[in-house]
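Following: one structure in structure tokens, then a few remarks.
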Amino acid sequence: MFGSLSVIGFGLSAIGPAIGVGLIFAAWINSTARQPESANITRPMMFVGAALAEALALFGLLLAFIQNKPS
């Protein structure tokens with residue numbers, strides 16, 4: 001049963017970035033629905049925020065694999 005807890009931990013910690021990305025896109029959709037002319041201005045900021053949230057999830061996956069390495 002070596003290392004199974006780190007994989008379970010990553011599965012649980014992936015919920016946070018998933019919720020974060022969902023909130024980012026929901027906020028962008030709401031702001032675009034209220035002011036459609038601002039869509040081109042806010043779109044790059046939305047993608048930067050989503051990329052940062054996904055980078056945190058990938059960083060957690062990397063740490064789960066590093067910790068799972070047998071010694």
Side-chain angles (χ1 to χ4, degrees):
M1 196 158 148
F2 175 74
S4 62
L5 289 178
S6 65
V7 175
I8 292 172
F10 172 70
L12 291 174
S13 66
I15 295 171
I19 292 172
V21 169
L23 290 174
I24 289 168
F25 280 96
W28 184 76
I29 289 169
N30 283 334
S31 68
T32 303
R34 290 176 186 259
Q35 290 184 334
E37 65 275 2
S38 70
N40 290 332
I41 298 169
T42 57
R43 187 177 296 125
M45 290 183 275
M46 174 198 58
F47 284 125
V48 167
L52 288 174
E54 289 295 327
L56 288 175
L58 291 175
F59 185 65
L61 177 64
L62 177 70
L63 288 177
F65 281 127
I66 288 174
Q67 188 141 9
N68 200 12
K69 185 173 107 175
S71 52

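Source: prediction; values computed, not measured.
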> Would the number of heavy atoms belonging to other residues, nucleotides or ligands and lying under 6.0 Å from CZ of Phe59 be above 12?
Replying inline: no
> Do Phe47 and Ile24 share a hydrophobic cluster (ILVMFWY, side-chain heavy atoms under 4.5 Å, transitive)?
Replying inline: yes
> Do you know the tightest heavy-atom contact between Val21 and Ala50?
Replying inline: CG2-O, 4.2 Å
> How is the hydrophobic cluster of Leu52 composed, in terms of its other members, when Ile, Leu, Val, Met, Phe, Trp and Tyr link through side-chain heavy atoms under 4.5 Å apart, directly or indirectly?
Replying inline: Val48
> Who pairs with Asn30 by side-chain hydrogen bond (donor to acceptor under 3.5 Å, both in side chains), at least two apart in sequence or on another chain?
Replying inline: none
> Considering residues at least two apart in sequence or located in another chain, which fulfil the side chain to side chain contact (heavy atoms under 4.5 Å, CB included) criterion with Ala39?
Replying inline: Trp28, Thr32, Arg43
> Which atom pair, heavy atoms only, marks the closest approach of Pro17 to Ala53?
Replying inline: CB-O, 3.5 Å
> Out of curiosity, Ile29 CD1 to Met46 CE, how far, rounded to the nearest 0.5 Å?
Replying inline: 8.5 Å
